[in-house]
Amino acid sequence: MSVSYPRHIYLKATGEVAQLFSNGPGLDTLSLAKNIKEGRRRALARGLTLVESLQPQHEKLSLQLFQALGPAERALRLGVTGPPGAGKSTLIEQIVKAWLAENHKIAILAIDPTSRKTGGSLLGDKTRMGEVADHPNVFIRPSPTGLQLGGLNQRTPLMCALLERAGFSRVIVETVGVGQSEISARYLVDRLLLVALPGAGDEVQGIKRGLMEEVDLVAVNKADLGQTKATVATLRAALRVFRREVPVVACSALDGTGLAQLMEAINEPSGLSPQERATGELYFFDQYLIQGFRRLLESSHFSLTERRRRVAQGEEDFLAVLPFLADYMERLEKTLGDR
Ligand SMILES: Nc1nc2c(ncn2[C@@H]2O[C@H](COP(=O)(O)OP(=O)(O)O)[C@@H](O)[C@H]2O)c(=O)[nH]1
Ligand SMILES: [Mg+2]
């Protein structure tokens with residue numbers, strides 16, 4: 001059974017989606033910005049929905065919202081990833097408690113498709129995650145069920161940016177480290193924490209090579225169940241193959257073992273270098289363009305669509321449409337013409 005965020009929080013997020021979409025272009029971004037600045041949670045929830053939306057009309061409003069909000073100081077962004085059931089949510093609750101004690105305002109983006117599937121256990125687990133979920137300095141945003149995006153996506157960086165403008169000094173992104181993430185968590189967060197289970201090597205746990213290259217910190221959770229020593233050693237060895245010394249901490253989200261050591265490692269000032277951060281920004285830049293071009297390609301307003309359809313149905317092959325494509329690109333470049 002997996003620990004999830006309380007049911008009412010899911011319902012709220014889903015309701016926000018319906019409301020936003022019925023409101024459409026009439027949304028007043030200035031007052032939304034004002035309400036977000038004043039710490040109104042409903043406004044923040046709506047703002048996040050707006051920013052998360054992939055609809056072109058929402059994209060414009062989203063930009064307006066950011067303009068109205070102005071810049072903000074960057075929060076410490078912590079990515080928490082790892083296989084389902086490793087204890088990410090439980091550990092996050094402990095991390096949140098530690099940060100609350102330091103007077104931080106903490107937002108959690110929970111992008112975990114598996115926790116939604118355990119719908120029945122949501123209420124049962126409310127008491128546990130509920131301890132921090134209703135705290136005034138904590139804001140939890142699960143991926144709403146209405147918008148099944150199922151992983152990090154090109155909107156997640158914007159959602160983090162919005163949370164920073166809403167005054168959060170800590171942003172946690174919980175994501176399952178396996179599956180179809182569109183973007184790399186590495187560029188999104190300052191510190192990437194991998195939560196692993198004791199008693200299994202990285203391959204057994206489905207931890208991908210790529211992830212081992214990206215993590216800053218590994219927690220071998222459930223130390224109360226024993227068997228952590230061998231796992232810590234195995235993971236250390238696996239990490240050494242890739243690069244630097246990454247701290248591997250044995251801990252228990254349940255009995256508190258190793259949590260102080262884990263917090264120390266999380267709070268370390270290192271994280272992304274300015275160069276790595278710039279690479280990340282460039283990555284988002286490219287993702288944005290790629291997404292825009294993809295939309296163009298799929299849009300029914302363009303002559304491209306008809307040619308695509310014919311290729312898809314075997315009526316024309318690639319070589320046959322190449323002259324059209326070359327001409328299309330040339331016209332596109334002329335239209336843009338800002339060299
Ligand atoms: N024994 C033990 N169980 C834990 C620990 N941390 C989490 N769990 C349990 O592991 C299960 C999955 O935890 P959850 O936080 O939902 O995992 P997630 O899917 O990675 O978010 C739950 O039943 C938790 O109570 C721990 O440190 N020790
Ligand atoms: Mg979870």
Side-chain angles (χ1 to χ4, degrees), residues 1-10 13 78-99 106-133 138-145 148-152 156 171-181 185 189 192-200 202 204-208 211 215 217-232 235 248-263 265-266:
M1 193 180 74
S2 128
V3 172
S4 295
Y5 302 97
R7 188 177 180 79
H8 68 274
I9 288 186
Y10 277 89
L78 173 69
V80 181
T81 186
K88 296 181 294 297
S89 299
T90 316
L91 207 52
I92 285 173
E93 185 174 11
Q94 300 305 319
I95 295 168
V96 167
K97 279 185 192 162
W99 277 342
I106 306 131
I108 305 161
L109 290 177
I111 306 167
D112 180 357
T114 60
S115 63
R116 279 200 293 272
K117 292 195 189 112
T118 61
S121 70
L122 291 175
L123 275 174
D125 288 327
K126 180 178 171 169
T127 37
R128 210 181 285 149
M129 201 62 201
E131 261 191 71
V132 299
V138 176
F139 182 89
I140 300 175
R141 170 66 170 211
S143 287
T145 37
Q148 268 279 16
L149 296 172
L152 295 177
T156 320
V171 176
I172 301 175
V173 181
E174 175 182 351
T175 162
V176 185
V178 288
Q180 61 301 71
S181 291
V189 295
L192 187 56
L193 166 66
L194 168 65
V195 183
L197 289 157
D202 51 316
V204 180
Q205 302 201 28
I207 299 165
K208 290 198 187 137
L211 188 57
V215 293
L217 184 59
V218 179
V220 179
N221 192 34
K222 309 199 184 185
D224 52 295
L225 300 180
Q227 286 189 304
T228 48
K229 264 210 180 108
T231 312
V232 168
L235 289 175
V248 181
V249 179
C251 68
S252 166
L254 280 197
D255 74 9
T257 308
L259 287 185
Q261 201 190 340
L262 183 68
M263 285 315 296
I266 288 173

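As the structure lists them, so they are numbered: ligands from 1, and atoms in each ligand from 1.
The N/O atoms of Cys251, backbone and side chain alike, include none that comes under 3.5 Å of an N/O atom in ligand 1. Considering backbone and side-chain atoms together, Gly87 places an N or O closer than 3.5 Å to an N or O of ligand 1.
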Given Thr257 and Asp224, is the side chain to side chain contact (heavy atoms under 4.5 Å, CB included) satisfied, shown in steps?
CA-CA 8 Å; Thr257 308; Asp224 52 295; 5.7 Å; no

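Taking CG of Asn221 as the start and CG of Leu254 as the end, the distance is 7.5 Å to the nearest 0.5 Å. Atom-to-atom distance recorded for Ile106:CD1 and Leu78:CG is 11.0 Å, nearest 0.5 angstrom.
Annotation for ligand 1: atoms under 4.0 Å from non-hydrogen atoms of Leu225 are 1 (N). The atoms of ligand 1 that sit less than 4.0 Å from any heavy atom of Pro84 are 19 (O). Which parts of ligand 1 touch Ala86 is read off a 4.0 Å heavy-atom cut-off, strictly below it: atoms 17 (O), 20 (O). Residue-ligand proximity, Leu254 to ligand 1, at heavy-atom distances under 4.0 Å covers atoms 1 (N), 2 (C), 3 (N), 4 (C), 5 (C), 26 (C), 27 (O), 28 (N). Near Glu174, with a cut-off below 4.0 Å to any heavy atom, the atoms of ligand 1 are 21 (O).
A side chain to side chain contact (heavy atoms under 4.5 Å, CB included) with Val248 is found for exactly one of Val220, Leu194, Thr228, namely Val220.
Within the structure, the closest approach of Pro83 to ligand 1 falls below 4.0 Å when heavy atoms are considered. For the ligand labelled ligand 1, residue Glu93 lies outside the 4.0 Å heavy-atom shell. Using a non-hydrogen distance threshold of 4.0 Å, Gly82 does not register as a contact of ligand 1.
Distances from atom 7 (C) of ligand 1 to the heavy atoms of Val220, Thr90, Thr257, Thr81 put Thr90 nearest.
Two residues are said to be in side-chain contact when any heavy atoms from C-beta on lie closer than 4.5 Å; Ile95 and Met263 meet this criterion. The side-chain heavy atoms of Gln261 and Cys251, taken from C-beta on, include no pair separated by under 4.5 Å. Val80 has its side chain out of reach of Leu91: every pair of non-hydrogen atoms, C-beta onward, lies at least 4.5 Å apart. Using a 4.5 Å cut-off on side-chain heavy atoms (C-beta onward), Thr175 and Thr156 make no contact.
Not a single N/O/S atom of Thr90, whether from backbone or side chain, sits less than 2.8 Å from the Mg ion (ligand 2).
A donor-acceptor pair is defined here as one N or O able to donate and one able to accept, closer than 3.5 Å; no such pair exists between the side chain of Lys222 and the backbone of Ala196.
The minimum distance between the Mg ion (ligand 2) and any N, O or S atom of Glu174 involves atom OE2.
If you look at Asp255 next to ligand 1, there are no close heavy atoms at all, none under 4.0 Å.
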